[in-house]
Participant: 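Below is the structure I would like to discuss, written out as structure tokens.
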Amino acid sequence: MEQRRQFQFSLFENYKKQLFQLTLLGLVGLGIGIYSSHQLLLQLAFGVSVVSGIGYVICSFKLKKWMKYMHEKRRG
């Protein structure tokens with residue numbers, strides 16, 4: 001059971017890390033798009049940043065909720 005909990009925690013953490021890296025990549029793309037005045041790159045980078053940022057927030061919320069549930073389950 002403990003291995004399963006550790007695995008689930010690792011999955012959440014990996015998703016968060018990937019989404020954070022994708023957000024940073026999108027922000028770098030925004031900077032490059034602004035610098036080069038390339039409209040398509042700017043729009044694409046903005047979309048990637050927004051979607052991955054929202055995904056990161058959702059994943060963080062789910063992880064927090066899961067950890068609270070696991071803590072209560074472990075106590076009870």
Side-chain angles (χ1 to χ4, degrees):
M1 197 57 135
E2 186 62 30
Q3 284 180 339
R4 176 183 271 171
R5 286 188 189 118
Q6 282 292 67
F7 178 70
Q8 288 174 332
F9 180 76
S10 296
L11 283 178
F12 276 119
E13 283 296 310
N14 286 337
Y15 288 147
K16 273 181 60 175
K17 185 168 42 167
Q18 290 171 355
L19 288 167
F20 182 73
Q21 291 171 346
L22 194 57
T23 302
L24 288 179
L25 183 65
L27 292 175
V28 168
L30 271 173
I32 293 170
I34 289 171
Y35 180 74
S36 67
S37 300
H38 196 269
Q39 195 65 23
L40 180 62
L41 178 63
L42 192 62
Q43 291 172 352
L44 185 63
F46 179 74
V48 167
S49 296
V50 169
V51 170
S52 61
I54 290 170
Y56 180 81
V57 169
I58 290 171
C59 189
S60 296
F61 177 74
K62 284 184 175 184
L63 177 61
K64 186 176 179 181
K65 188 176 175 182
W66 178 81
M67 288 181 71
K68 183 179 178 184
Y69 171 75
M70 281 294 131
H71 181 70
E72 290 172 358
K73 189 174 180 180
R74 195 178 256 179
R75 258 191 340 199

Participant: So how far is it from I54 CD1 to C59 SG, rounded to the nearest 0.5 Å?
Facilitator: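 One finds 14.0 Å between CD1 of I54 and SG of C59.
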Participant: Count the heavy atoms belonging to other residues, nucleotides or ligands that lie under 6.0 Å from CZ of F20, then report whether that count exceeds 12.
Facilitator: no
Participant: State yes or no: do L22 and V51 share one hydrophobic cluster built from I, L, V, M, F, W and Y residues joined by side-chain heavy-atom distances below 4.5 Å, directly or via other members?
Facilitator: no
Participant: Roughly how far apart are F9 CZ and R5 CZ, rounded to 0.5 Å?
Facilitator: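 Here the interatomic distance stands at 13.5 Å.
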Participant: Show me the donor-acceptor pairs, under 3.5 Å and distance only, between side chains in residues 24-38 and residues at least two apart or in other chains.
Facilitator:
{"residue": "S36", "atom": "OG", "partner": "I32", "partner atom": "O", "Å": "2.9"}
{"residue": "H38", "atom": "ND1", "partner": "L41", "partner atom": "N", "Å": "3.3"}

Participant: Scan residues 12-34 for pairs that pass side-chain hydrogen bond (donor to acceptor under 3.5 Å, both in side chains), counting only residues two or more places apart or in two chains.
Facilitator: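 Residue pairs with at least one partner in residues 12-34: T23-S52.
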Participant: Taking side chain as C-beta onward, heavy atoms only, is W66 less than 4.5 Å from L63?
Facilitator: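 Contact flag for W66/L63 side chains = yes.
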